[in-house]
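Note on naming: letters A, B, ... go to the chains in the order of the sequence lines (proteins, then strands), and numbering restarts at 1 for each one. In what follows, every heavy atom counts, from backbone to side chain, and hydrogens, waters and symmetry copies are set aside.
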Amino acid sequence: MLTETFQRDGPARGFMRDSTNWEPTAYRTHTIGQVVAAGESLVGSEVTIAGYAETVRGRGAICFLMLRDGTGRIQAFLKKDNMDDDLFDSIQSSTRESTIQITGKVAKKRPPKVPEGDPLPPPEFEVNAEDGMILAVSETPLPVGVTDEVNVGLDVRLDNRHLDLRRAHVNAMFQLRSKVLQYGREHLISEGFQEINSPKIIAAAAEGGTNLFPMKYFETDAYLSQSPQLYKQLAVLGGLERVFEIGAAFRAEKHDTYRHLNEFVSFDIEGAWMDDEDVMGVQERMISHIWCKISENDMGLIDAVNEYRESQGKDPVTVEAPALPFPRIPYCEAIDIVKQGGGEISWGDDIESHHCDIIAEKYPGFHFIPRWPMSMKPFYIHHKEGEEGSTGGQLSRGFDLNYGRDEMTSGGAREHRVEVLEQNLRDVGLDPSDFTFYTDGFRYGAPPHAGWGLGVARLLMVLTGAGNVREVVLFPRDRSRVTP
RNA sequence: GCCCCGAUGGUGUAGUGGCCUAUCAUGCAGCCCUGUCGAGGCUGCGACCCGGGUUCAAAUCCCGGUCGGGGCGCCA
């Protein structure tokens, strides 16, 4: 039923960008979206448009060319009588996805035949071509069909991402990615955070815990940064107060799952005079803002994703701003929930994916898991003496944000007492003298502070219903893929 | 690193020892058509991952390799 709707209406239109204010360029007087939107008022005017040839329907002495640019689709009507013979023939025989420029007058399109009794669709407009040019010919066959209704495997799609991106729902997902970053920035700026950029090339002896990619930096050894953690803290210690960064992080882990990549974009914040509860608040307000803005402004993009999902027999995704505050399920309580749900776990164990499944039955949406054991958190996480778990172990002020079974965020209050910091380093087998670039930042008065890092692709998975982070990363880097 | 599964035209698939000079869809190429719009009609094109082995006979069974998928582990 839904599939029929998808097919009858043709490919999604909701992913087309609003180009109301776009200026003319060297290759066009109007975007296709402008012609479609202006409609009636442009009838009789000459326009030059350019786009991809989505379909070319030849009909002897006439020809229908469906052109698509990033802002819309429109039909160009070509008549042999109205233009140069050779040009007509070359356009009529051009291949799908070739880029073509068309000049002609806007006209009202003849209404399509509809089944008896069905209402006529609203009037549409077309361009009666008088001149044109093939800008670049597409080779055939396409390795990934742009409008074909056949499934394509993810690997083939990623090998041909440049074509995959032309597909409506894929294009929509990357526009949504841009919107998520935009609204996230917008919100943080409104709360006084400033954007920073930390170095991605770092010296040896980083945080430990994860494997780093080594590289040669002139004559010395260096590594690709696993996280902006230490640097965003230094920025806060230095007086920038509230900072955020959206940047790449690299981890040389040989994982191979739907949610891990070896290069990923992390959305990080750090704020002075804040504790874990404060930054959880920032996070839930930011996510709520993103979801609100998407549902206000960008449902056309979600529709494009859903039209595809429907054609694949999948449930549509919905965008409803989650209620605030998000549930807080302290680590100790989470352990109890897992035990009650029949999971094998004891205090001090990591909460693994299959444990998260049990918790997600009770808390299917966003939820925080604060107060992890200190022994499970990195050395820079703050703890308060006397805050102990059910078996007496020291608790930390570190937290995770999960959605269902998936971890979105890791964060916490940071240790600002330099002597505790140095002891923490020794406790995890690191040498404080390797971290003076970092610990020195705490020697001259350090504000208590807190922050978090959010996996952008994981958040996008939630928003778009993508089952794999690779769907929402342009050119993903995993264990076996470094190209394209 | 472990366990399981898979690889058939450009793409997605059917096929479980002979019925396969291999199914279907989509695509591509050509022809017909002066208003198509999921265009239509007709005619073509194009594939069993690689290397060994078993068998009278292998897309199909076995071994090795390569590539891919799923699950797990590892993972601020």
Side-chain angles (χ1 to χ4, degrees), chain A residues 3-11 54-66 73-82 88 93 95-97 107 109-114 121 124 126 128 138-160 163-164 206-212 225-230 232-233 249 251-262 264 266 268 311-312 350 352-354 372 376-381 396 398-400 407 409-412 414 428 451-455 467-468 470 478-481:
Chain A
T3 303
E4 284 169 19
T5 305
F6 172 74
Q7 291 174 342
R8 195 162 50 242
D9 291 350
E54 196 159 283
T55 57
V56 187
R57 288 190 276 272
R59 265 233 166 200
I62 64 170
C63 170
F64 304 95
L65 169 69
M66 185 59 78
R73 281 192 190 84
I74 198 165
Q75 175 171 286
F77 178 61
L78 285 72
K79 206 170 186 174
K80 208 159 191 170
D81 302 347
N82 292 349
F88 178 90
S93 62
T95 48
R96 294 194 308 166
E97 297 302 314
K109 201 172 152 186
R110 296 192 187 179
K113 290 173 205 146
V114 293
E124 287 188 69
E126 64 183 1
N128 287 143
S138 168
E139 292 180 15
T140 60
L142 299 169
V144 173
V146 173
T147 56
D148 301 355
E149 289 179 43
V150 292
N151 288 322
V152 186
L154 185 56
D155 210 46
V156 172
R157 290 173 47 205
L158 292 176
D159 283 340
N160 298 279
L163 272 177
D164 186 46
E207 299 171 48
T210 191
N211 294 315
L212 304 184
S225 170
Q226 64 172 294
S227 159
Q229 182 60 38
L230 306 185
K232 64 181 179 170
Q233 285 188 258
R251 303 208 179 152
E253 301 292 342
K254 292 184 177 177
H255 35 48
D256 209 357
T257 76
Y258 67 89
R259 61 188 183 276
H260 288 97
L261 290 174
N262 296 293
F264 65 96
S266 178
D268 273 84
S311 77
Q312 300 297 302
D350 196 9
E352 293 168 359
S353 293
H354 56 282
W372 286 68
M376 301 177 63
K377 283 291 167 186
F379 68 86
Y380 51 78
I381 292 289
S396 76
F399 66 87
D400 284 357
E407 182 183 332
T409 295
S410 186
R414 316 308 190 186
V428 295
W452 41 255
L454 165 69
N468 192 312
R470 291 161 182 78
D478 61 34
R479 194 172 176 175
S480 57
R481 180 180 285 282

Side-chain N or O of A:Arg57 less than 4.0 angstrom from OP1 or OP2 on B:rA39?
yes

Taking only side-chain nitrogens and oxygens of A:Thr147, does any of them come within less than 4.0 Å of OP1 or OP2 of B:rG38?
no

Indicate the atoms forming the closest heavy-atom contact of A:Gly398 with A:Ile381, along with that distance.
N-CG2, 3.7 Å

Taking A:Arg96's backbone N and O only, do any of them form a donor-acceptor pair with A:Ser138's side chain (distance below 3.5 Å, no angle check)?
yes

Side chain of A:Gln75 only, heavy atoms from C-beta on: which candidate in B:rG35, B:rA39, B:rG73 is closest?
B:rG35

Any donor-acceptor pair under 3.5 Å linking the side-chain atoms of A:Gln312 with those of A:Asn151?
yes

As an exercise, state the distance from CD of A:Gln75 to CD of A:Glu126, rounded to the nearest 0.5 Å.
5.5 Å

Roughly, in whole Å, what's the span from CG in A:Asp164 to P in B:rG12?
12 Å

Nucleotide nearest A:Pro143 when distance is taken to its side chain, options B:rG10, B:rG69, B:rC74:
B:rG10

What are the atom names and distances for every N/O pair under 3.5 Å that joins the protein to nucleotides 24-28 of chain B?
| residue | atom | partner | partner atom | Å |
| --- | --- | --- | --- | --- |
| B:rU26 | O2' | A:Asp148 | OD2 | 3.4 |
| B:rG27 | O3' | A:Arg96 | NH2 | 3.3 |
| B:rC28 | OP1 | A:Arg96 | NE | 2.9 |

From C-beta outward on A:Phe64, which listed nucleotide comes closest to its side chain: B:rC74, B:rG1, B:rG35?
B:rG35

Applying a 4.0 Å non-hydrogen cut-off, can you work out what A:Arg157 is touching in the nucleic acid: base, sugar-phosphate, or nothing?
nothing

How far, in whole Å, is B:rG18 from B:rC62 if one measures between their P atoms?
15 Å

Heavy-atom nearest nucleotide on RNA chain B for A:Asp478 versus A:His260: which residue maps closer to 5'?
A:Asp478

Just checking A:Asp256: base, sugar-phosphate only, or nothing, at a heavy-atom cut-off of under 4.0 Å?
base

Would you measure the distance from the P atom in B:rA14 across to the matching atom in B:rU23 and give it in whole Å?
15 Å

Complementary nucleotide for B:rG27 - Watson-Crick or wobble, under 3.5 Å
B:rC45

Can you tell me how far P of B:rC74 sits from CG of A:Leu261, to the nearest Å?
19 Å

Between B:rG6 and B:rC74, how far apart are the P atoms? Round to whole Å, please.
28 Å

N/O donor-acceptor pair, side chain A:Glu253 with base B:rG73, under 3.5 angstrom
no

Quick one: A:Tyr258 OH to B:rG69 C1', roughly how many Å, whole number?
15 Å

Would you call the rings of A:Phe77 and A:Phe64 parallel, tilted or perpendicular if under 30° counts as parallel and over 60° as perpendicular?
tilted

For the P atoms, the ones on B:rA47 and on B:rA22, what distance do you get once it is rounded to whole angstrom?
10 Å

From CZ of A:Arg110 across to C1' of B:rA39 the rounded distance in Å is 16 Å

Any strand is fair game: report the nucleotide pairing with B:rG1 by Watson-Crick or G-U wobble, both distances under 3.5 Å, or none.
B:rC72

Nearest to the A:Asn468 side chain among B:rG70, B:rC74, B:rA39, which nucleotide is it?
B:rG70

Just the rounded figure in Å: distance from P of B:rC75 to CD of A:Glu407.
12 Å

Does A:Thr55 reach a base, just sugar-phosphate, or nothing at all? Heavy atoms under 4.0 Å.
nothing

Could you tell me how far B:rG1 sits from B:rG52 if I compare only their C1' atoms? Round to whole Å.
29 Å

Checking all strands, does A:Lys109 fall into the base, sugar-phosphate, or nothing category for heavy-atom contacts under 4.0 angstrom?
base

Which part of the nucleic acid, if any, lies within reach of A:Glu139 when heavy atoms closer than 4.0 Å are counted: base, sugar-phosphate only, or nothing?
nothing

For B:rC33 versus B:rG68, give the span between their C1' atoms, rounded off to a whole number of Å.
45 Å

Once you apply a heavy-atom cut-off of 4.0 Å, does A:Val152 come out as touching a base, just sugar-phosphate, or nothing?
sugar-phosphate

Would you indicate whether the side-chain heavy atoms of A:Phe88 and A:Cys63 approach each other to under 4.5 Å?
yes

Rounded to the Å, how far apart are A:Arg259 CZ and B:rG70 P?
12 Å

Between P of B:rU34 and CG of A:Leu78, the distance in whole Å
15 Å

Any-strand Watson-Crick or G-U partner of B:rU13, both distances under 3.5 Å:
none

Just call it for A:Gly153: base, sugar-phosphate, or nothing, with non-hydrogen atoms closer than 4.0 Å on any strand.
sugar-phosphate

Here the gap from A:Leu78 atom CG to A:Ile62 atom CD1, rounded to the nearest 0.5 Å, amounts to 10.0 Å

Could you let me know what B:rU34 is paired to, Watson-Crick or G-U wobble, both distances under 3.5 Å, or none if it's on its own?
none

Please report, rounded to the nearest Å, how far the P atom of B:rU36 is from the CD atom of A:Glu124.
14 Å

Tell me, do A:Asp478 and A:His255 make a side-chain contact under 4.5 Å, heavy atoms counted?
no

If you look at every heavy atom in A:Thr257 and A:Arg470, which pair is closest and at what distance?
O-NH1, 3.0 Å

So what does A:Pro111 hit on the nucleic acid, given a heavy-atom distance under 4.0 Å: a base, only sugar-phosphate, or nothing?
base

Where the side chain of A:Ala61 is defined as all heavy atoms beyond and including C-beta, which of B:rG71, B:rU34, B:rU11 is the nearest nucleotide?
B:rU34

Determine the Euclidean distance between corresponding C1' atoms of B:rC45 and B:rG38; express it in Å to zero decimal places.
24 Å

Both distances below 3.5 Å, Watson-Crick or wobble geometry, any strand: find the nucleotide opposite B:rA7.
B:rU66

Tell me what A:Gly60 touches on the nucleic acid: a base, only sugar-phosphate, or nothing, going by heavy atoms under 4.0 Å.
base

Could you let me know what B:rC56 is paired to, Watson-Crick or G-U wobble, both distances under 3.5 Å, or none if it's on its own?
B:rG18

Are A:Arg73 and A:Thr55 linked by a side-chain donor-acceptor pair shorter than 3.5 Å?
no

Could you give the distance separating B:rG73 and B:rC3 at their P atoms, to the nearest angstrom?
16 Å

For the side chain of A:Asp155, starting at C-beta, report the closest nucleotide among B:rG68, B:rG12, B:rG73.
B:rG68

Distance col, row A:Ser410:OG vs A:Asp400:CG, nearest 0.5 angstrom, shows 4.5 Å

Nearest-nucleotide comparison on RNA chain B, the residue closer to the 5′ end among A:Ser93 and A:Pro112:
A:Ser93

